[in-house]
Amino acid sequence: MKKQKLAVVFAALLTMVGFSSCLNSEDDGIREWGGYFEVNNTYGSVNFVDPTGIQLVPNKTIIDAPASSALAYINYQYKDEDMAQIEQTKKLPVTLLQDPTYLDGLYPTSLPEETETVSFDFQTQDTDGFHVDVNGLVWGENKYLIMSPVVFLHKETTSDNLKEELQKHRLFISYDSEKDNVDNKTMKLFLRYQIMGVGDSGLEGEGSSDNETWAEEYSILYSKKVYIRLDNILTQYKNVHGGAEPEKIEVEYEGKKGWSLNITDKITRTTPTMNPDKKEKKTVTYDLYKDTSVSK
């Protein structure tokens, strides 16, 4: 089988890793893109790598990339003439249009008690028929699962204190192989959410369903990008289930009863809740990469 040109493979990957594109109003050979990349942070030199190993090399030195983050979302420009050389160089010089957004990594752990977790949601539909990965996506050949849960920030949050506010918001993920649906080839993960410091003023004693005064302070919806590395979990799935391989990942989370986040509808105002009686189990599903190539 004849190998595809790297430039063609790179272009095809734009639809696999959450990219969006925008052509300039005048076709001057400069293209704008945005998407998720692995962070290659070596000896103070930072570039960004796509699933095939092609490196995007920024035109400026990045000095504040966190060592703990494996993925980032970047918006950038590149020149057609540089794309033409990508097969030989495996590198693409780019101009960053804004600072990279580094994603927080999640690691499987035990979950907090149901009375200690806060409701959140995922966006439920694409917009105007145009494909948007509103819930996240599987990156590369099942290397990472990127998720975009929508959480509630404090009403006084601004761009100046956003970083400080986000430190109060924690997501937990867990995997239990006994919950897998092997017949449907589906692996099951569990995602939970906490806001640090709200528990003491949240559910207190009897009649707590009417005692969540703290919730009125959290009214700003924010899409928090996180990821989990999949290789160890997929290996565990196969070991437990006799070598079977899943085709989907189902993530269970706690939403608020009677409220959903649908970007094609008018979103009604709501507040989060910690009350188990006001929460309901919901799910979002991701398709895993499946190798359909045939060796010849």
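Between the E165 side chain and the H154 main chain, a donor and an acceptor come within less than 3.5 Å of each other. Y36 places no side-chain N or O within 3.5 Å of a backbone atom of L137 that could act as its donor or acceptor partner. One N or O on the side chain of N275 and one on the backbone of D277 form a donor-acceptor pair closer than 3.5 Å. Between the side chain of Y76 and the backbone N or O of L56, no donor-acceptor pair lies under 3.5 Å. At distances below 3.5 Å, not a single donor-acceptor pair connects side-chain atoms of S45 with backbone N or O atoms of T42. Put simply, the side chain of D180 gets close to the backbone of K188: a donor and an acceptor are under 3.5 Å apart.
Using a 4.0 Å cut-off between charged nitrogen and carboxylate oxygen, K248 and D287 count as a salt-bridge pair. Taking the charged nitrogens against the carboxylate oxygens, E38 and K143 do have a contact shorter than 4.0 Å, which makes a salt bridge. Using a 4.0 Å cut-off between charged side-chain N and carboxylate O, E114 and K281 make a salt bridge. The pair K290-E247 meets the salt-bridge criterion, with a side-chain N (NZ, NE, NH1 or NH2) lying under 4.0 Å from an Asp/Glu carboxylate O. Under 4.0 Å is where a charged nitrogen must lie from a carboxylate oxygen, and between K91 and D82 no such pair does.
Of all heavy-atom pairs spanning E252 and T283, the tightest one is CA-CG2, 4.0 Å. Shown here for Y78 and P93, the closest heavy-atom pair between the two residues is CB-O, 3.9 Å.
Residues I146 and V49 fall into different hydrophobic clusters, defined by Ile, Leu, Val, Met, Phe, Trp and Tyr side chains chained together at heavy-atom separations under 4.5 Å.
Checked by atom type, the side-chain pair T273/K256 shows no donor-acceptor distance below 3.5 Å. Defined by atom type and a distance below 3.5 Å, a donor-acceptor pair is missing between the side-chain atoms of T95 and Q77. Residues K279 and T117 have side chains that bring a donor and an acceptor to within less than 3.5 angstrom of each other.
When side chains are defined from C-beta on, L191 counts as touching F120, because their heavy atoms get closer than 4.5 Å. By the 4.5 Å heavy-atom criterion applied to side chains, L171 and Q194 are not counted as neighbours.
Checked against the 6.0 Å centroid criterion, the rings of F122 and Y253 qualify as a close aromatic pair.
Residues that satisfy the side chain to side chain donor-acceptor pair (under 3.5 Å) test with Q236, not counting sequence neighbours, are absent from this structure. F48 is linked by a ring pair (Phe, Tyr, Trp, His ring centres under 6.0 Å) to nothing, counting only residues two or more places apart in sequence or in another chain.
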